[in-house]
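Heads up: the structure comes next, in C-alpha coordinates.
None of the values given here were measured: they were computed from a predicted structure. These values consider heavy atoms only, across backbone and side chains, with no hydrogens, waters or symmetry-generated copies. Within every chain, numbering begins at 1; the chains are lettered A, B, ... in the order of the sequence lines, protein sequences first and strands thereafter.
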Amino acid sequence: MSFRFGKVAAAGAALGVAMAASVALAHDDLGPIPNTPAGKAAAARHENFKQLGGAFKAIVDQLKKDAPDKAVIAANAQKANALAAQQPSWFPKGSGAESGVKTDAKPEIWGDPQGFAAAVQKLQAATAKLQQVASTDDMAAIKAQVQATGGACKTCHETYRVPEKH
Amino acid sequence: MRDVTGQTAVRARLWDGPTRIVHWALIVLIGFAWWAGETGRMDWHRLAGYAVLGLLVFRLAWGFLGSTSARFASFVKGPAATLAYVRTLPSRAHKAVAGHNPLGGWSVLAILAALIVQVISGLFSVDVDGLESGPLSDRVDFDTGRLFAKWHHMSFSALQALVLLHIGAVVFYAVYKRADLVRPMVTGHSRFEYDPGLRFAPLRRALLVAAAAAFVAWWTAKGLRL
(Lines give C-alpha, C1' and ligand atoms only; values in the text may rest on other atoms or scores of the structure.)
Protein backbone atom coordinates (compact mmCIF):
# COMPACT_ATOMS: atom_id res chain seq x y z
CA MET A 1 0.00 0.00 0.00
CA SER A 2 2.62 2.54 1.06
CA PHE A 3 4.63 1.62 -2.02
CA ARG A 4 1.66 2.59 -4.17
CA PHE A 5 1.03 5.82 -2.34
CA GLY A 6 4.69 6.63 -2.83
CA LYS A 7 4.16 6.45 -6.56
CA VAL A 8 1.09 8.65 -6.48
CA ALA A 9 3.09 11.16 -4.44
CA ALA A 10 5.91 11.03 -6.99
CA ALA A 11 3.45 11.74 -9.81
CA GLY A 12 2.09 14.68 -7.83
CA ALA A 13 5.60 16.00 -7.23
CA ALA A 14 6.38 15.78 -10.95
CA LEU A 15 3.26 17.79 -11.71
CA GLY A 16 4.33 20.36 -9.12
CA VAL A 17 7.75 20.73 -10.73
CA ALA A 18 6.12 21.21 -14.13
CA MET A 19 3.89 23.93 -12.71
CA ALA A 20 6.81 25.66 -11.01
CA ALA A 21 8.71 25.60 -14.31
CA SER A 22 5.81 27.35 -16.01
CA VAL A 23 6.13 30.28 -13.57
CA ALA A 24 9.29 31.34 -15.34
CA LEU A 25 7.49 31.36 -18.70
CA ALA A 26 4.31 33.01 -17.54
CA HIS A 27 5.92 36.29 -16.50
CA ASP A 28 7.60 36.66 -19.83
CA ASP A 29 4.48 37.82 -21.69
CA LEU A 30 5.69 41.18 -23.02
CA GLY A 31 9.02 40.07 -24.47
CA PRO A 32 12.03 42.41 -24.43
CA ILE A 33 11.05 46.07 -24.06
CA PRO A 34 12.72 48.29 -26.72
CA ASN A 35 14.34 51.38 -25.25
CA THR A 36 12.15 53.73 -27.30
CA PRO A 37 9.33 56.08 -26.26
CA ALA A 38 6.77 53.80 -27.95
CA GLY A 39 8.23 50.68 -26.37
CA LYS A 40 8.25 52.27 -22.95
CA ALA A 41 4.69 53.53 -23.43
CA ALA A 42 3.48 50.02 -24.32
CA ALA A 43 5.23 48.54 -21.27
CA ALA A 44 3.88 51.30 -19.00
CA ARG A 45 0.38 50.69 -20.37
CA HIS A 46 0.67 47.02 -19.51
CA GLU A 47 1.69 47.94 -15.96
CA ASN A 48 -1.18 50.44 -15.68
CA PHE A 49 -3.75 47.88 -16.80
CA LYS A 50 -2.38 45.48 -14.22
CA GLN A 51 -2.84 48.20 -11.60
CA LEU A 52 -6.41 48.65 -12.79
CA GLY A 53 -7.03 44.89 -12.66
CA GLY A 54 -5.50 44.81 -9.19
CA ALA A 55 -7.83 47.58 -8.01
CA PHE A 56 -10.88 45.72 -9.34
CA LYS A 57 -9.67 42.52 -7.74
CA ALA A 58 -9.23 44.27 -4.40
CA ILE A 59 -12.86 45.41 -4.56
CA VAL A 60 -14.13 41.99 -5.66
CA ASP A 61 -12.09 40.35 -2.87
CA GLN A 62 -13.96 42.45 -0.31
CA LEU A 63 -17.33 41.67 -1.89
CA LYS A 64 -16.59 37.95 -1.42
CA LYS A 65 -16.38 38.47 2.35
CA ASP A 66 -19.17 38.41 4.89
CA ALA A 67 -18.02 41.75 6.31
CA PRO A 68 -16.41 43.70 3.46
CA ASP A 69 -13.93 46.42 4.41
CA LYS A 70 -15.59 49.57 3.11
CA ALA A 71 -12.39 51.59 3.30
CA VAL A 72 -10.59 49.15 0.99
CA ILE A 73 -13.47 49.28 -1.49
CA ALA A 74 -13.57 53.08 -1.46
CA ALA A 75 -9.79 53.42 -1.84
CA ASN A 76 -9.66 51.01 -4.77
CA ALA A 77 -12.70 52.51 -6.47
CA GLN A 78 -10.92 55.85 -6.30
CA LYS A 79 -7.74 54.28 -7.67
CA ALA A 80 -9.65 52.63 -10.52
CA ASN A 81 -11.37 55.90 -11.39
CA ALA A 82 -8.07 57.78 -11.36
CA LEU A 83 -6.49 55.17 -13.64
CA ALA A 84 -9.47 55.26 -15.99
CA ALA A 85 -9.17 59.04 -16.20
CA GLN A 86 -5.54 58.67 -17.36
CA GLN A 87 -6.35 55.99 -19.86
CA PRO A 88 -6.46 58.15 -23.04
CA SER A 89 -2.78 58.99 -22.47
CA TRP A 90 -1.77 55.30 -22.37
CA PHE A 91 -2.12 54.82 -26.11
CA PRO A 92 0.33 57.17 -27.92
CA LYS A 93 0.60 56.54 -31.67
CA GLY A 94 3.20 53.89 -32.42
CA SER A 95 2.73 52.02 -29.13
CA GLY A 96 0.91 49.13 -30.80
CA ALA A 97 2.61 45.96 -32.01
CA GLU A 98 4.88 48.13 -34.21
CA SER A 99 6.63 49.26 -30.99
CA GLY A 100 8.24 45.80 -30.82
CA VAL A 101 6.47 44.99 -27.55
CA LYS A 102 4.23 41.93 -27.52
CA THR A 103 1.13 44.01 -26.81
CA ASP A 104 -2.50 42.92 -27.10
CA ALA A 105 -3.52 46.42 -28.20
CA LYS A 106 -5.12 46.09 -31.63
CA PRO A 107 -4.47 48.52 -34.53
CA GLU A 108 -8.19 49.42 -34.39
CA ILE A 109 -7.36 51.65 -31.39
CA TRP A 110 -5.57 54.04 -33.72
CA GLY A 111 -7.61 53.17 -36.80
CA ASP A 112 -10.89 54.09 -35.12
CA PRO A 113 -9.92 56.80 -32.61
CA GLN A 114 -13.49 58.02 -32.17
CA GLY A 115 -14.89 54.58 -31.39
CA PHE A 116 -12.03 53.92 -29.02
CA ALA A 117 -12.46 57.27 -27.25
CA ALA A 118 -16.16 56.49 -26.78
CA ALA A 119 -15.30 53.09 -25.27
CA VAL A 120 -12.83 54.71 -22.86
CA GLN A 121 -15.44 57.29 -21.89
CA LYS A 122 -17.86 54.47 -21.07
CA LEU A 123 -15.30 53.05 -18.67
CA GLN A 124 -14.65 56.47 -17.14
CA ALA A 125 -18.38 57.00 -16.56
CA ALA A 126 -18.61 53.53 -14.99
CA THR A 127 -15.64 54.02 -12.64
CA ALA A 128 -16.84 57.52 -11.69
CA LYS A 129 -20.15 56.04 -10.62
CA LEU A 130 -18.31 53.18 -8.90
CA GLN A 131 -16.28 55.66 -6.89
CA GLN A 132 -19.48 57.47 -5.97
CA VAL A 133 -21.42 54.38 -4.81
CA ALA A 134 -18.32 53.04 -3.04
CA SER A 135 -18.63 55.92 -0.61
CA THR A 136 -22.13 54.75 0.37
CA ASP A 137 -23.20 51.74 2.46
CA ASP A 138 -25.27 50.28 -0.38
CA MET A 139 -23.50 46.94 -1.00
CA ALA A 140 -26.06 45.90 -3.63
CA ALA A 141 -25.37 49.10 -5.58
CA ILE A 142 -21.62 48.57 -5.31
CA LYS A 143 -21.96 45.01 -6.60
CA ALA A 144 -24.18 46.17 -9.47
CA GLN A 145 -21.72 48.90 -10.42
CA VAL A 146 -18.78 46.49 -10.36
CA GLN A 147 -20.77 44.38 -12.84
CA ALA A 148 -21.48 47.43 -14.98
CA THR A 149 -17.79 48.38 -14.94
CA GLY A 150 -16.90 44.86 -16.00
CA GLY A 151 -19.29 45.27 -18.91
CA ALA A 152 -17.44 48.42 -19.99
CA CYS A 153 -14.13 46.50 -19.87
CA LYS A 154 -15.56 43.64 -21.85
CA THR A 155 -17.19 45.60 -24.68
CA CYS A 156 -14.00 47.58 -25.26
CA HIS A 157 -11.82 44.48 -25.15
CA GLU A 158 -14.00 42.71 -27.69
CA THR A 159 -13.10 45.26 -30.33
CA TYR A 160 -9.76 46.70 -29.31
CA ARG A 161 -7.82 43.92 -27.65
CA VAL A 162 -6.36 40.73 -29.08
CA PRO A 163 -8.39 37.83 -27.63
CA GLU A 164 -6.61 35.85 -24.94
CA LYS A 165 -4.96 32.78 -26.40
CA HIS A 166 -5.38 29.76 -24.22
CA MET B 1 -11.59 -17.57 -22.81
CA ARG B 2 -14.44 -16.92 -25.19
CA ASP B 3 -16.92 -19.54 -26.27
CA VAL B 4 -18.15 -19.77 -29.90
CA THR B 5 -20.75 -17.03 -29.44
CA GLY B 6 -17.99 -14.62 -28.42
CA GLN B 7 -19.45 -14.43 -24.93
CA THR B 8 -17.61 -15.34 -21.79
CA ALA B 9 -19.19 -17.50 -19.15
CA VAL B 10 -20.85 -15.38 -16.48
CA ARG B 11 -22.47 -11.99 -16.24
CA ALA B 12 -21.49 -10.23 -13.03
CA ARG B 13 -21.62 -6.81 -11.45
CA LEU B 14 -18.52 -4.73 -12.18
CA TRP B 15 -18.99 -0.98 -11.53
CA ASP B 16 -21.12 0.30 -8.67
CA GLY B 17 -23.70 3.06 -9.15
CA PRO B 18 -21.68 5.89 -7.59
CA THR B 19 -18.67 5.21 -9.82
CA ARG B 20 -20.87 5.24 -12.93
CA ILE B 21 -22.72 8.37 -11.87
CA VAL B 22 -19.42 10.18 -11.20
CA HIS B 23 -18.08 9.08 -14.58
CA TRP B 24 -21.01 10.31 -16.67
CA ALA B 25 -21.69 13.39 -14.55
CA LEU B 26 -18.06 14.51 -14.97
CA ILE B 27 -18.42 14.32 -18.75
CA VAL B 28 -21.59 16.45 -18.73
CA LEU B 29 -20.26 18.96 -16.19
CA ILE B 30 -16.81 19.36 -17.71
CA GLY B 31 -18.36 19.83 -21.15
CA PHE B 32 -20.76 22.38 -19.73
CA ALA B 33 -18.02 24.20 -17.79
CA TRP B 34 -15.91 24.34 -20.96
CA TRP B 35 -18.77 25.88 -22.95
CA ALA B 36 -19.68 28.33 -20.16
CA GLY B 37 -16.04 29.39 -19.75
CA GLU B 38 -15.48 29.90 -23.46
CA THR B 39 -18.66 31.95 -23.83
CA GLY B 40 -18.00 34.09 -20.76
CA ARG B 41 -20.85 32.70 -18.63
CA MET B 42 -18.67 32.72 -15.55
CA ASP B 43 -21.44 32.26 -12.98
CA TRP B 44 -22.37 29.00 -14.67
CA HIS B 45 -18.71 28.10 -15.09
CA ARG B 46 -18.12 28.48 -11.35
CA LEU B 47 -21.24 26.46 -10.46
CA ALA B 48 -20.16 23.64 -12.75
CA GLY B 49 -16.69 23.82 -11.20
CA TYR B 50 -18.11 23.43 -7.69
CA ALA B 51 -20.07 20.38 -8.85
CA VAL B 52 -16.90 18.93 -10.40
CA LEU B 53 -15.09 19.61 -7.11
CA GLY B 54 -17.79 17.70 -5.23
CA LEU B 55 -17.61 14.76 -7.64
CA LEU B 56 -13.82 14.76 -7.46
CA VAL B 57 -13.76 14.75 -3.65
CA PHE B 58 -16.31 11.94 -3.70
CA ARG B 59 -14.35 9.89 -6.22
CA LEU B 60 -11.07 10.27 -4.32
CA ALA B 61 -12.75 9.19 -1.07
CA TRP B 62 -14.53 6.39 -2.94
CA GLY B 63 -11.13 5.17 -4.05
CA PHE B 64 -10.52 4.21 -0.42
CA LEU B 65 -14.04 3.52 0.88
CA GLY B 66 -15.92 2.31 -2.20
CA SER B 67 -16.53 -1.02 -3.89
CA THR B 68 -13.55 -3.19 -4.85
CA SER B 69 -13.46 -2.07 -8.49
CA ALA B 70 -13.48 1.61 -7.46
CA ARG B 71 -10.61 1.32 -4.97
CA PHE B 72 -7.13 2.59 -5.84
CA ALA B 73 -5.67 -0.41 -4.02
CA SER B 74 -7.38 -2.70 -6.54
CA PHE B 75 -6.26 -1.02 -9.73
CA VAL B 76 -3.05 0.96 -9.13
CA LYS B 77 -0.31 -1.40 -10.25
CA GLY B 78 3.46 -1.09 -10.34
CA PRO B 79 5.63 -0.73 -13.47
CA ALA B 80 6.22 -4.49 -13.83
CA ALA B 81 2.53 -5.38 -13.88
CA THR B 82 1.79 -2.43 -16.15
CA LEU B 83 4.53 -3.42 -18.59
CA ALA B 84 3.36 -7.03 -18.55
CA TYR B 85 -0.13 -5.81 -19.43
CA VAL B 86 1.20 -3.55 -22.21
CA ARG B 87 2.80 -6.63 -23.79
CA THR B 88 -0.64 -8.24 -24.09
CA LEU B 89 -2.07 -5.28 -26.04
CA PRO B 90 -1.08 -6.51 -29.55
CA SER B 91 -3.00 -9.74 -28.96
CA ARG B 92 -6.53 -9.50 -30.29
CA ALA B 93 -7.84 -11.80 -27.55
CA HIS B 94 -9.51 -9.85 -24.79
CA LYS B 95 -9.25 -11.13 -21.26
CA ALA B 96 -11.84 -9.33 -19.16
CA VAL B 97 -10.32 -7.67 -16.09
CA ALA B 98 -12.56 -7.27 -13.05
CA GLY B 99 -11.97 -3.52 -12.86
CA HIS B 100 -9.43 -1.22 -14.47
CA ASN B 101 -6.58 -2.99 -16.21
CA PRO B 102 -3.10 -1.84 -15.07
CA LEU B 103 -2.78 0.65 -17.93
CA GLY B 104 -6.33 1.93 -17.46
CA GLY B 105 -5.57 2.38 -13.77
CA TRP B 106 -2.81 4.83 -14.63
CA SER B 107 -5.16 6.58 -17.03
CA VAL B 108 -7.65 7.01 -14.16
CA LEU B 109 -4.93 8.43 -11.90
CA ALA B 110 -3.73 10.80 -14.62
CA ILE B 111 -7.25 12.08 -15.29
CA LEU B 112 -7.90 12.52 -11.56
CA ALA B 113 -4.57 14.35 -11.17
CA ALA B 114 -5.43 16.67 -14.08
CA LEU B 115 -8.84 17.30 -12.52
CA ILE B 116 -7.27 18.12 -9.14
CA VAL B 117 -5.00 20.69 -10.79
CA GLN B 118 -7.94 21.94 -12.87
CA VAL B 119 -10.22 22.48 -9.87
CA ILE B 120 -7.59 23.92 -7.51
CA SER B 121 -6.21 26.31 -10.13
CA GLY B 122 -9.76 27.45 -10.90
CA LEU B 123 -10.43 28.26 -7.25
CA PHE B 124 -7.57 30.79 -7.23
CA SER B 125 -7.91 32.09 -10.81
CA VAL B 126 -8.40 35.76 -11.64
CA ASP B 127 -9.37 37.02 -15.08
CA VAL B 128 -7.36 39.65 -16.91
CA ASP B 129 -9.62 42.48 -15.67
CA GLY B 130 -9.65 41.36 -12.04
CA LEU B 131 -13.44 41.14 -12.19
CA GLU B 132 -14.13 37.42 -12.58
CA SER B 133 -12.43 35.07 -10.18
CA GLY B 134 -12.57 31.85 -8.24
CA PRO B 135 -13.88 31.73 -4.66
CA LEU B 136 -10.41 31.54 -3.06
CA SER B 137 -8.77 34.19 -5.26
CA ASP B 138 -8.85 36.75 -2.47
CA ARG B 139 -6.07 34.70 -0.83
CA VAL B 140 -3.63 35.56 -3.65
CA ASP B 141 -2.56 38.77 -5.37
CA PHE B 142 -3.50 39.76 -8.92
CA ASP B 143 -0.35 38.38 -10.59
CA THR B 144 -0.61 35.06 -8.75
CA GLY B 145 -4.29 34.81 -9.66
CA ARG B 146 -3.37 35.35 -13.31
CA LEU B 147 -0.76 32.63 -13.00
CA PHE B 148 -3.41 30.26 -11.63
CA ALA B 149 -5.59 31.15 -14.61
CA LYS B 150 -2.72 30.16 -16.94
CA TRP B 151 -2.38 26.85 -15.11
CA HIS B 152 -6.15 26.45 -15.36
CA HIS B 153 -5.85 26.68 -19.14
CA MET B 154 -2.76 24.47 -19.31
CA SER B 155 -4.26 21.72 -17.19
CA PHE B 156 -7.40 21.83 -19.31
CA SER B 157 -5.27 21.14 -22.38
CA ALA B 158 -3.72 18.22 -20.50
CA LEU B 159 -7.19 17.03 -19.52
CA GLN B 160 -8.36 17.24 -23.14
CA ALA B 161 -5.37 15.16 -24.24
CA LEU B 162 -6.09 12.55 -21.55
CA VAL B 163 -9.77 12.40 -22.53
CA LEU B 164 -8.81 11.88 -26.18
CA LEU B 165 -6.42 9.13 -25.14
CA HIS B 166 -9.17 7.55 -23.03
CA ILE B 167 -11.67 7.63 -25.90
CA GLY B 168 -8.98 6.29 -28.23
CA ALA B 169 -8.39 3.38 -25.85
CA VAL B 170 -12.12 2.61 -25.65
CA VAL B 171 -12.30 2.61 -29.46
CA PHE B 172 -9.19 0.40 -29.63
CA TYR B 173 -10.79 -2.16 -27.30
CA ALA B 174 -14.05 -2.02 -29.24
CA VAL B 175 -12.53 -2.36 -32.71
CA TYR B 176 -9.34 -4.36 -32.21
CA LYS B 177 -10.26 -6.52 -29.24
CA ARG B 178 -14.03 -6.61 -29.77
CA ALA B 179 -14.58 -5.65 -26.14
CA ASP B 180 -17.32 -3.17 -25.25
CA LEU B 181 -16.12 -1.08 -22.32
CA VAL B 182 -18.91 1.50 -22.60
CA ARG B 183 -21.84 -0.78 -21.85
CA PRO B 184 -20.55 -1.93 -18.44
CA MET B 185 -20.00 1.72 -17.48
CA VAL B 186 -23.71 2.25 -18.26
CA THR B 187 -25.28 -0.95 -16.90
CA GLY B 188 -22.70 -1.74 -14.22
CA HIS B 189 -22.47 -5.35 -15.42
CA SER B 190 -19.98 -7.21 -17.61
CA ARG B 191 -19.16 -10.76 -18.66
CA PHE B 192 -16.32 -12.73 -17.11
CA GLU B 193 -14.85 -16.22 -17.38
CA TYR B 194 -15.90 -16.76 -13.81
CA ASP B 195 -17.52 -14.55 -11.19
CA PRO B 196 -14.78 -12.18 -10.00
CA GLY B 197 -16.43 -11.98 -6.58
CA LEU B 198 -16.18 -8.20 -6.22
CA ARG B 199 -17.39 -6.62 -3.01
CA PHE B 200 -19.77 -3.70 -3.27
CA ALA B 201 -20.07 -0.85 -0.81
CA PRO B 202 -23.51 -0.27 0.72
CA LEU B 203 -25.64 2.62 -0.51
CA ARG B 204 -25.65 4.11 2.99
CA ARG B 205 -21.89 4.60 2.81
CA ALA B 206 -22.16 6.20 -0.64
CA LEU B 207 -24.71 8.68 0.69
CA LEU B 208 -22.52 9.58 3.68
CA VAL B 209 -19.46 10.14 1.48
CA ALA B 210 -21.59 12.13 -0.99
CA ALA B 211 -22.87 14.35 1.82
CA ALA B 212 -19.31 15.00 3.01
CA ALA B 213 -18.15 15.77 -0.55
CA ALA B 214 -21.09 18.11 -1.10
CA PHE B 215 -20.19 19.94 2.10
CA VAL B 216 -16.57 20.37 0.97
CA ALA B 217 -17.74 21.75 -2.39
CA TRP B 218 -20.28 24.08 -0.80
CA TRP B 219 -17.81 25.33 1.81
CA THR B 220 -15.14 25.94 -0.84
CA ALA B 221 -17.65 27.81 -3.00
CA LYS B 222 -18.27 30.05 0.03
CA GLY B 223 -14.55 30.82 0.12
CA LEU B 224 -14.01 28.43 3.08
CA ARG B 225 -16.10 30.74 5.23
CA LEU B 226 -18.95 29.45 7.33
Aromatic ring proximity A:F116/A:F91, centre distance under 6.0 Å: yes

Mind checking whether B:F72 and B:F75 have parallel, tilted or perpendicular rings, split at 30° and 60°? perpendicular

Describe, in one word, how the ring planes of B:H100 and B:W15 are oriented to each other, choosing from parallel (under 30°), tilted (30 to 60°) and perpendicular (over 60°). tilted

Tell me whether A:K50 is salt-bridged to B:D143, with the criterion being a basic N under 4.0 Å from an acidic carboxylate O. yes

Applying a strict 4.5 Å limit to non-hydrogen atoms, the region of B:R139 in contact with chain A is neither

Heavy-atom cut-off 4.5 Å, strictly under: side chain, backbone, both or neither for B:D127 against chain A? neither

Contact class of A:V146 relative to chain B, heavy atoms under 4.5 angstrom: both

